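Since the structure is predicted, the reported quantities are computational estimates derived from the model, not experimental observations. Numbers here simply count residues along the sequence, with the first being 1.
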Amino acid sequence: MISAKTLIRKSFRIILWITLMLVFLFIAVALLIQLPAIQTKIVQQATTFVSKKTHTLVELEKVSISFPKTVIVEGLYLEDTQKDTLIYARRAKVNMALIDLLSGKITINAVMLNDATVNLYNFHDSPEFNYNFLTTAFSDTTAEVKTDTLTKTGMAFSLNKVSLRNFRLLYNDNYAAMNVTIGIKKSDFNVDQIDLGKSIYQIDQLQLDGLTA
């Protein structure tokens, strides 16, 4: 008959073995992500997925992932449904805590956009802008979920710092007859609070250099 002491010892040995296997698996994934072939595959899968969901052209020249924090995207191009440029960024760098995704949190420490252009517009007969197709594509319109359920199961989102370099915004609100063009050579700002569901965006500090409007 196996004694309680022996059973406990074997149980801890199995738990330790499983833990070590998970650690080695985690390290293996981190190392594989560094390989150019794996990163190229990620680019292909990501662009194919977004293109199928939005029925628009999506291009990514290169993605570099420095596990576990930094993701660098080069040559990001996204069209709208009218085949006009919605977003272009020569280089986008995101520093985020990838580990937090396991606990249902999206923690972005810093975002940097270099040589980026955002083109927003609507038409005279509709107040909806050309980016609305993204909201429609990635929202589940077939399921009715209560608000309190969304609050409990939704992922927590936080953003700390945003840096813009050679950033250009084209904002043509033809429905409200307001057209704006903004160019920013350099801008850094800290986000004090952000709540996507309640449309709350509070900026703590803002620095601008080379602003034209």
Side-chain angles (χ1 to χ4, degrees), residues 39 42-43 46-47 50 54 56-80 82-101 105-123 127-135 138 155-213:
Q39 294 179 358
I42 292 174
V43 171
T47 53
V50 177
T54 61
T56 58
L57 177 62
V58 181
E59 293 181 349
L60 282 174
E61 292 180 3
K62 183 180 178 182
V63 173
S64 302
I65 303 174
S66 299
F67 202 82
K69 284 189 175 182
T70 304
V71 178
I72 299 176
V73 176
E74 297 183 14
L76 170 63
Y77 175 77
L78 174 62
E79 279 186 353
D80 59 23
Q82 303 298 317
K83 300 187 182 302
D84 291 327
T85 300
L86 177 61
I87 298 173
Y88 172 78
R90 184 183 63 83
R91 180 181 173 91
K93 182 177 180 181
V94 180
N95 185 295
M96 65 181 297
L98 297 177
I99 303 299
D100 286 358
L101 293 174
K105 299 178 182 178
I106 301 178
T107 305
I108 300 178
N109 301 313
V111 175
M112 175 179 283
L113 292 176
N114 287 355
D115 301 324
T117 299
V118 177
N119 182 28
L120 305 179
Y121 65 88
N122 59 16
F123 296 101
E128 290 191 352
F129 279 84
N130 59 328
Y131 61 81
N132 283 95
F133 73 96
L134 293 173
T135 305
F138 291 100
M155 299 185 74
F157 180 83
S158 65
L159 172 63
N160 295 327
K161 184 177 180 180
V162 177
S163 298
L164 305 176
R165 302 292 183 270
N166 297 324
F167 178 82
R168 190 165 180 247
L169 171 65
L170 305 176
Y171 182 87
N172 294 321
D173 189 348
N174 296 300
Y175 187 81
M178 182 173 64
N179 301 321
V180 180
T181 301
I182 297 175
I184 299 174
K185 183 179 180 181
K186 178 181 178 182
S187 177
D188 297 288
F189 58 89
N190 298 324
V191 180
D192 187 48
Q193 181 183 1
I194 183 170
D195 191 323
L196 301 179
K198 298 180 180 179
S199 297
I200 297 176
Y201 309 95
Q202 294 184 1
I203 298 176
D204 185 26
Q205 296 179 357
L206 172 64
Q207 295 179 346
L208 285 172
D209 181 20
L211 172 65
T212 57

Gap between atom [atom2] of [Y] and atom [atom1] of [X] - 0.5 Å precision:
| X | Y | atom1 | atom2 | value |
| --- | --- | --- | --- | --- |
| Asp115 | Leu164 | CG | CG | 11.5 Å |
| Glu61 | Leu76 | CD | CG | 9.5 Å |
| Leu113 | Lys93 | CG | NZ | 12.5 Å |
| Met112 | Arg91 | CE | CZ | 8.5 Å |
| Phe133 | Glu128 | CZ | CD | 12.5 Å |
| Thr85 | Leu78 | OG1 | CG | 9.0 Å |

Without hydrogens or angle criteria, can the side chains of Asp204 and Asn190 be said to hold a donor-acceptor pair below 3.5 Å?
no
Quick one: do the Asn166 and Asn114 side chains pair a donor with an acceptor below 3.5 Å?
no
On a heavy-atom basis, which atom in [X] and which in [Y] lie closest, and how many Å separate them?
| X | Y | value |
| --- | --- | --- |
| Asn160 | Asn109 | CB-O, 3.2 Å |
| Glu59 | Thr47 | C-CG2, 4.3 Å |
| Asn122 | Asn174 | O-ND2, 2.5 Å |

In terms of the angle between their ring planes, are Phe129 and Tyr131 parallel, tilted or perpendicular, with boundaries placed at 30° and 60°?
parallel
Stepwise side chain to side chain contact (heavy atoms under 4.5 Å, CB included) test for Asn119 and Tyr88
CA-CA 9 Å; Asn119 182 28; Tyr88 172 78; over 6 Å; no
In this structure, which one of Asp80, Asn172, Asp84 forms a side-chain hydrogen bond (donor to acceptor under 3.5 Å, both in side chains) with Asn130?
Asp80
Can you tell if the side chain of [X] reaches within under 4.5 Å of the side chain of [Y], non-hydrogen atoms only?
| X | Y | result |
| --- | --- | --- |
| Val118 | Phe167 | yes |
| Leu86 | Thr56 | no |
| Leu57 | Lys83 | no |

Just checking Arg168: does its CZ atom have more than 12 heavy atoms from other residues, nucleotides or ligands closer to it than 6.0 angstrom?
no
Cationic N near anionic O, under 4.0 Å, Arg165 to Asp188
yes
Would Tyr171 and Met178 count as a side chain to side chain contact (heavy atoms under 4.5 Å, CB included) if you check the C-alpha gap in whole Å, the side-chain angles of each, and the deciding distance to 0.1 Å?
CA-CA 8 Å; Tyr171 182 87; Met178 182 173 64; 3.6 Å; yes
